[in-house]
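Notes follow the structure.
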Amino acid sequence: MGIEFIHRVVRTSLVLAALIFLFVTVYYQFRFGAGILAGSIWGCLNLWFLTQLITEIFSPGKEVKKGRVIIIAVVKFPLLYAVGYSLLGILHLPPVSLLIGFTLIFLVMFLKALGRWILSMSKYKNTKVESKNK
Amino acid sequence: MSYQTALAIFLPLGLAIAAMGSAFGLGRAVSAAMEAMGRQPEAAGKIQLGMIIGCALIEALTIYALVTVFVLQGKIS
């Protein structure tokens, strides 16, 4: 399990957010659905930039590209947070929906980790049974 | 002390405490990860993954505090 875990989490979260957006828009309210989608996209972008920043700076044996680090840092800290502020303060999306969207990525992460854990448990059990049979 | 006064005093204080806690947490997480990577460079991928998830969770808590402050800020006036 490496960095590709994060990429898979981001992809799954975006698909899940799009589905939730459709459901919430149809059955409840467009603004609430849009808030969930926007919160989820914001969270995914935040996680993606964090991943890029950490892998760029903290990879042993890899030369740090200062220009790339500066660009990622500038986009992640002031720009992304300004976008978040505009979602809250200018577009007036419901804060609860934004928080639900933002939390979705952690829910996906938790469920993926839980799935891996359960799969590894059953795999362990199978190997034990096989070794007993031998 | 009225409700609005209490909010005006404790909202920035609460946000500052959340930011300080987050900063300490991030500092500890990154320093521990750097130390672990220095000891075992071959496990850098796994350590990085743990560090990214930890940093994201710590950052998320601060963002929750920030959004809560934004929501409650409207109730001050």
Side-chain angles (χ1 to χ4, degrees), chain A residues 1-10 13 35 38-40 42-62 76-77 80-81 83-90 92-110 112-113 116, chain B residues 4 7-8 10-12 14-77:
Chain A
M1 193 164 72
I3 298 297
E4 80 279 352
F5 177 75
I6 300 286
H7 298 307
R8 271 188 279 125
V9 165
V10 167
S13 305
S40 187
W42 192 90
C44 287
L45 277 175
N46 193 31
L47 187 66
W48 190 79
F49 281 121
L50 185 72
T51 307
Q52 294 299 312
L53 200 63
I54 286 176
T55 48
E56 194 61 47
I57 298 172
F58 301 118
S59 293
K62 190 181 164 190
K76 188 190 179 315
F77 293 109
L80 201 63
Y81 279 72
V83 170
Y85 177 76
S86 67
L87 287 176
L88 264 177
I90 298 169
H92 296 294
L93 290 173
V96 176
S97 68
L98 284 171
L99 283 185
I100 289 171
F102 182 68
T103 311
L104 204 65
I105 197 162
F106 297 109
L107 187 72
V108 169
M109 213 179 264
F110 172 73
K112 271 191 179 282
R116 272 179 171 270
Chain B
Q4 275 89 0
L7 269 183
F10 290 112
L11 272 184
L15 188 61
I17 290 169
M20 266 169 57
S22 165
F24 277 120
L26 277 174
R28 278 188 66 105
V30 173
S31 73
M34 293 287 283
E35 206 177 303
M37 262 190 258
R39 282 186 186 162
Q40 283 184 302
E42 68 277 1
K46 283 188 176 177
I47 296 165
Q48 272 180 348
L49 179 69
M51 181 162 69
I52 289 165
I53 294 173
C55 288
L57 285 169
I58 293 168
E59 210 183 326
L61 288 178
T62 323
I63 292 165
Y64 289 144
L66 191 66
V67 173
T68 310
V69 166
F70 269 117
V71 172
L72 292 176
Q73 200 183 21
K75 295 183 178 175
I76 290 177
S77 58

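Computed from a predicted model, the values in this text were never measured in an experiment. Convention: sequence-line order gives letters A, B, ...; per-chain numbering from 1. Atom set for the values below is all heavy atoms of this structure, side chains included, hydrogens, waters and symmetry mates excluded.
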Q: Return yes when atom OH of Y81(A) has more than 12 non-hydrogen atoms of other residues, nucleotides or ligands closer than 6.0 Å, and no otherwise.
A: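 Yes, because the 6.0 Å sphere around OH of Y81(A) holds more than 12 heavy atoms from other groups.
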
Q: Step through the shown structure and confirm whether more than 12 heavy atoms of other residues, nucleotides or ligands are within 6.0 Å of NZ on K46(B).
A: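 For K46(B), atom NZ is not crowded (no more than 12 foreign heavy atoms under 6.0 Å).
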
(Q) Counting only non-hydrogen atoms closer than 4.5 Å, can you tell me which residues of residues 59-75 of chain B sit against chain A? (A)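 Those residues of residues 59-75 of chain B which have a heavy atom under 4.5 Å from chain A are E59(B), A60(B), I63(B), Y64(B), V67(B), F70(B), V71(B).
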
Q. Taking every heavy-atom pair that is under 4.5 Å apart, which of V96(A), I6(A), I105(A), L99(A) has the most such pairs with chain B?
A.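 The residue among V96(A), I6(A), I105(A), L99(A) with the greatest pair count is L99(A).
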
Q: Output all residues satisfying side chain to side chain contact (heavy atoms under 4.5 Å, CB included) with R116(A), sequence neighbours left out; order by chain, then residue number.
A: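 Expected list: M1(A), F5(A), R8(A).
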
Q: Could you list the residues that satisfy side chain to side chain contact (heavy atoms under 4.5 Å, CB included) with I54(A), not counting sequence neighbours?
A: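 Once residues adjacent in sequence are excluded, the partners of I54(A) under the side chain to side chain contact (heavy atoms under 4.5 Å, CB included) criterion are L50(A), F58(A), Q48(B), M51(B), I52(B), C55(B).
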
Residues 35-45 of chain B side chain polar contacts: donor-acceptor under 3.5 Å, at least two apart:
from   : atom 1 : to     : atom 2 : distance (Å)
E35(B) : OE2    : R39(B) : NH2    : 3.4

Q | Region of I47(B) that comes under 4.5 Å of a non-hydrogen atom in chain A | A |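 Neither part.
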
